[in-house]
Amino acid sequence: MSIIAMRVSTIGAHPNADALRVLELQSPQVERLVVVANLEREYAPGQTVAVARVGAVLSDGTKIKKVRLRGLDSFGMIVGETTAEPGADLSAEYGRAAPPEPEPVAPALPEGVSPEGVSPEGVSVVKWTSIESLPHVRQAVRAQARLDPEAVVLPTITYRAKVKLDGTNAGVHVLPQGRFVAQSRTRLLTPQSDNYGFAAWVHEHAEYFAGLGPRLGPAIVYGEWCGPGIQKNVAINRVDRKLFVVFAIQRGDPEKESTRLVVEPERLAALLPEHPDIRVLPWHGEPIALDFHDDAGLQPGVHTINKLVAAVESVDPWVAEHFGIEGRGEGVVLYPVGGGGVRFDDEGGTDRDHYAALMFKAKGEAHRVKRQAKAVQVDPQIAANLREFVEQFVTPARLEQALTEGCEGELSMRRMGDFLRWLGRDVQKESTLELEASDLTWKRVSRAVAAAGQQWYRRRVAEG
């Protein structure tokens, strides 16, 4: 059903546009659908409306697509009020018949789909969410509270930690037809255009990944590709083979709906058949409550997280337990498991956009891409001048990460442009709060960031 009756559950102001409203809608078939609408028509919570979802074709020929309006994704269009019951199919009343979708093709592996026959055609990179710092989460919590007319007190959110392994971000698209496509953080991969051998490994195990599609798809399995030769001076680098360590699965088609994230380790393990080179990252430590009502309420949880990070940096507990190797870890990623409007469905999924805004990371001193006194702090750090800003953000860890992520570890002058573009985008993305607190602008600092990066890169190339 492409056009259905849905009930308006909430209406909020758009954080970036006074002339737009953000509506959440639901029906028996769809738990939550987000539509960004203008003020031409007024709706109220509890009202039932006709909603054309992504892919619908209206009677005048208009095809409904996912659109991004002032920074927020909208997954449909409200076409009017209705007296129909929520869940009713209104396609005949408002729409035009769309051409039928092709029948799914069952996977024929091992005889059918082969590494040579798996193509990225028709698939786009869907980046793993950008995980920011605690001050960014605090800002997001306050923004979400402004959209909720019932929010009186800012929430307490309970978090669980997972060890952050130092490798390279990777993912595998698995589709209902039995197709699969590997990706890095920024691009689709093939064995001929790879990232540390990840696509070649995925294609070597074609039968496994083609079999996931009919069970999960459309979905993306996200994890860290880690092990020998990917990073240096960490425990995971000393295991005897490369591993794909899964920390999340995204379910749903991001072009048609708000996708769902599954992050709970037991749920992930139940979705993935056993494989010697695939592991599911477990929770580490006990639940941690962060009270966002005021900054003082955050401090006990922040203290606990800083102790946790220090211990992980000393000895990576996951690598020590599973491989008997004691060595340095990178840090932790904090996942919300309760409070803050986080809701999990019966399959363990939660709305990706809302959930991702509440996640944050905390790294040990050697891996911090931002120079600060502790792994987690409540307030953004103020830079007194341009030089201090560059010292704060153009750190050895970030430069090494730019080398790994921006140019796949290839150290040559022909890749310096890729390196500098990645570095600039990464600093700009992560420094928004610090720029504001320091009364600086990206335009003022961007050249200094590029110059520092270029100097470092040229020196590394010269050193061989």
Side-chain angles (χ1 to χ4, degrees), residues 1-27 29-45 47-82 86 89-91 93-99 101 122-130 140 143-144 146-148 173 175 183 186 188 218-220 250-261 341 349-357 425 429 432:
M1 295 185 291
S2 58
I3 306 177
I4 60 175
M6 301 189 73
R7 180 173 286 112
V8 178
S9 54
T10 66
I11 300 175
H14 192 297
N16 303 318
D18 293 339
L20 297 175
R21 292 291 179 267
V22 181
L23 290 84
E24 292 188 9
L25 307 113
Q26 57 185 164
S27 71
Q29 305 93 330
V30 183
E31 180 187 350
R32 179 177 181 266
L33 186 77
V34 175
V35 172
V36 180
N38 58 32
L39 299 179
E40 183 177 337
R41 295 184 184 179
E42 292 286 344
Y43 299 103
Q47 193 172 1
T48 303
V49 295
V51 181
R53 301 169 68 189
V54 171
V57 181
L58 301 181
S59 56
D60 63 0
T62 301
K63 185 174 182 179
I64 304 302
K65 300 179 180 179
K66 184 185 85 169
V67 295
R68 192 164 183 82
L69 299 171
R70 299 297 298 275
L72 292 184
D73 289 331
S74 178
F75 294 93
M77 175 187 292
I78 299 175
V79 293
E81 301 176 39
T82 181
D89 185 357
L90 304 177
S91 302
E93 181 177 350
Y94 291 97
R96 176 187 294 181
E101 294 188 2
V123 178
S124 300
V125 171
V126 180
K127 294 182 179 181
W128 173 238
T129 181
S130 178
Q144 289 175 1
R146 288 196 295 269
L147 295 178
D148 183 357
H173 297 252
L175 306 172
Q183 70 169 43
T186 58
L188 299 177
I220 304 172
Q250 174 182 298
R251 305 191 70 175
D253 184 345
E255 293 301 315
K256 294 184 178 180
E257 58 192 332
S258 295
T259 52
R260 314 288 288 174
L261 277 184
T350 185
D351 178 73
R352 168 174 167 149
D353 292 338
H354 177 78
Y355 192 82
R425 286 194 297 265
K429 168 177 64 70
T432 52

Tell me if a side-chain donor or acceptor on Gln183 pairs with a main-chain N or O of His173 at a distance below 3.5 Å. no
Check the pair Leu175 / Val123 against side-chain contact (heavy atoms from CB on, under 4.5 Å), numbers first and verdict last. CA-CA 10 Å; Leu175 306 172; Val123 178; 4.0 Å; yes
Indicate the atoms forming the closest heavy-atom contact of [X] with [Y], along with that distance.
X     : Y     : answer
Val22 : Ala13 : CG2-O, 4.2 Å
Asp73 : Val36 : O-CG2, 4.0 Å
Leu69 : Ser74 : CD1-CB, 4.4 Å
Leu20 : Asn38 : CD2-CA, 4.0 Å
Ala52 : Val79 : CB-CG1, 4.3 Å
Ala56 : Ile3  : CB-CG1, 3.9 Å

Which value, rounded to the nearest 0.5 Å, describes the distance between [X] atom [atom1] and [Y] atom [atom2]?
X      : Y      : atom1 : atom2 : answer
Gln29  : Ile4   : CD    : CD1   : 5.0 Å
Leu23  : Ser9   : CG    : OG    : 8.5 Å
Gln250 : Trp128 : CD    : CH2   : 8.5 Å

Sequence neighbours excluded, every pair satisfying salt bridge (charged side-chain N to carboxylate O under 4.0 Å, His left out) that has a member inside residues 32-42: Glu24-Arg32, Arg32-Asp351
In chain order, what residues pass the salt bridge (Lys or Arg N to Asp or Glu O under 4.0 Å) check against [X], with sequence neighbours excluded?
X      : answer
Lys429 : Glu132, Asp426
Asp253 : none
Arg21  : none

Does atom CG (Asp60) have a neighbourhood of more than 12 heavy atoms from anything else shown, all under 6.0 Å? yes
Do [X] and [Y] have side-chain heavy atoms sitting under 4.5 Å apart?
X      : Y      : answer
Tyr355 : Arg260 : no
Ile64  : Leu58  : yes
Val34  : His354 : no

Report the C-alpha separation of Val126 and Arg352 in whole Å, then their side-chain angles, then the decisive distance to 0.1 Å, and conclude whether the side-chain contact (heavy atoms from CB on, under 4.5 Å) test is met. CA-CA 12 Å; Val126 180; Arg352 168 174 167 149; 4.2 Å; yes
Residues in side-chain contact (heavy atoms from CB on, under 4.5 Å) with Ala5, at least two apart? Thr48, Thr82, Ala84, Ala88, Leu90
Excluding sequence neighbours, so at least two apart, what forms side-chain contact (heavy atoms from CB on, under 4.5 Å) with Ala356? Thr129
Ile78 vs Leu25, test: side-chain contact (heavy atoms from CB on, under 4.5 Å). Steps then yes/no. CA-CA 10 Å; Ile78 299 175; Leu25 307 113; 4.2 Å; yes
